[in-house]
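Naming: A, B, ... by sequence-line order, numbering from 1 per chain.
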There are 2 protein chains.
Amino acid sequence: MQRDVQEFMKRLKARRQRLTTQRKKIVDKIFSTHGHFSADDILHELRKDGYRASRATVYRTLALLTECNLLETIDIEKGYKLYEHVLGHRHHDHFICTKCGRIVEFSNDALEDLQNEISRRMDFRPISHSLKIYGVCSKCQQER
Amino acid sequence: MQRDVQEFMKRLKARRQRLTTQRKKIVDKIFSTHGHFSADDILHELRKDGYRASRATVYRTLALLTECNLLETIDIEKGYKLYEHVLGHRHHDHFICTKCGRIVEFSNDALEDLQNEISRRMDFRPISHSLKIYGVCSKCQQER
DNA sequence: TTACATGCAAACTATTTGCATAAGC
DNA sequence: GCTTATGCAAATAGTTTGCATGTAA
């Protein structure tokens with residue numbers, strides 16, 4: 001989406017950094033990818049389009065986007081990270097199916113409130129959180 | 001604690017595996033360590049006691065204990081894993097202080113219930129979950 | 001005695017980094 | 001033109017693995 005690239009440019013400028021060809025290609029690809037993706041996914045998607053960016057540049061761009069708060073990482077505890085866009089998405093948590101690996105997003109205000117309440121009670125100032133529920137998704141439940 | 005070692009032996013037997021000197025030393029050390037620890041912590045603690053187990057054996061034993069449901073991992077998203085005992089501890093979640101790295105445990109029934117409720121509503125059968133709240137602990141709040 | 005465990009070193013995997021070269025602004 | 005970014009290959013870091021040797025049952 002054009003809007004995301006514009007937002008990226010704006011944030012790059014604020015940091016005195018450059019919009020290179022590689023960054024543009026990578027950002028375009030990322031924001032046209034829905035759902036969750038790994039660094040490797042992006043690399044392969046780019047190659048499918050006949051474009052080749054180095055692995056290092058992909059990682060560096062993902063880090064940059066994360067610092068710019070355009071991207072967030074999800075640690076699925078599998079030895080590599082997944083990313084998802086943040087722009088225009090509200091905070092949510094994740095179900096992770098242990099059978100098929102499917103990741104389903106959910107969000108719940110009461111849950112957020114409760115976490116804040118617990119934090120306050122323990123005199124802890126919350127900044128962010130990560131909740132992952134592991135289990136079996138509806139599809140996989142039916143399959144057995 | 002003796003009881004933990006006994007439980008370990010029982011579970012080893014059930015899997016037709018052996019209680020070696022190394023495993024005994026490692027398990028003793030683990031269950032006399034309170035709080036959270038890394039593979040490296042265990043290795044160093046053992047060396048302090050003048051005992052040397054290979055790094056590979058420590059990792060293999062940690063994996064074994066995890067499979068036996070005597071240990072659980074906490075992924076602190078720092079490139080290495082922490083472990084904690086499970087035996088005799090009820091499930092809990094973690095605050096992680098982003099200033100000092102301190103990890104504080106908490107548990108809350110309403111939170112558990114709510115998560116189960118949300119799972120049920122989404123037709124997802126929950127097995128386990130991981131909630132980490134990142135923020136600033138009370139000590140670090142006072143320091144600035 | 002024999003199947004399983006250990007120790008070592010090498011392998012792995014995702015990610016990061018140093019450095020010479022290229023290219024935005 | 002100056003400074004920042006890229007690409008490559010090598011480095012990292014935690015963890016895992018192959019294999020010869022040791023050992024619990």
Which whole-number value in Å describes the distance from [X] [atom1] to [N] [atom2]?
X	N	atom1	atom2	result
D75(B)	dG14(D)	CG	P	14 Å
F37(B)	dG14(D)	CZ	P	17 Å
Y80(A)	dT15(D)	OH	C1'	17 Å
K24(A)	dC25(C)	NZ	P	12 Å
E67(A)	dA5(D)	CD	P	11 Å
L62(B)	dT16(D)	CG	P	9 Å
I76(A)	dA14(C)	CD1	C1'	12 Å
K25(A)	dT6(D)	NZ	P	14 Å

Are [X] and [N] close enough that a side-chain N or O sits under 4.0 Å from OP1 or OP2?
X	N	answer
Q22(A)	dG7(D)	yes
T21(B)	dA24(D)	yes
T20(A)	dA23(C)	no
R60(A)	dT16(C)	no
Y59(A)	dT15(C)	yes

- Task: Could you please name the option among dT4(D), dC8(D), dT6(D) that lies closest to any side-chain atom of R23(A)?
- Result: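 Out of dT4(D), dC8(D), dT6(D), the nucleotide with an atom closest to R23(A)'s side chain is dT6(D).
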
- CA sep, side-chain torsions, deciding dist, call: E105(B), H36(B), side chain to side chain donor-acceptor pair (under 3.5 Å): CA-CA 10 Å; E105(B) 301 176 358; H36(B) 313 101; 3.2 Å; yes

- Task: Please evaluate the base of dG14(D) for a donor-acceptor partner in the side chain of R55(B) within a cut-off of under 3.5 Å?
- Result: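 Answer no: no donor N or O sits under 3.5 Å from an acceptor.
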
- Give a yes or no on whether a donor-acceptor pair under 3.5 Å exists between the nucleobase atoms of dC4(C), that is its base, and the side chain of R18(B). yes

- Note on the structure: In terms of heavy-atom contacts, Y83(A) and A39(A) come closest through CE1-N, 4.3 Å

- Salt-bridge test for K99(A) and E143(A): reply yes if a basic N is under 4.0 Å from a carboxylate O, no otherwise.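 A salt bridge is absent here (no side-chain N lies under 4.0 Å from a carboxylate O).
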
- Message: Whether the side chain of K132(A) engages the backbone of I74(A) through a donor-acceptor N/O pair (distance < 3.5 Å, no angle test) should be reported.
- Response: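 No.
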
- Message: Counting the atoms with a prime plus P, OP1 and OP2 as sugar-phosphate, which does R15(B) contact under 4.0 Å by heavy atoms, base, sugar-phosphate, or nothing?
- Response: nothing

- Message: Any heavy-atom pair between the side chains of H129(B) and E112(B) that's under 4.5 Å?
- Response: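 Result yes, sub-4.5 Å side-chain heavy-atom pair found.
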
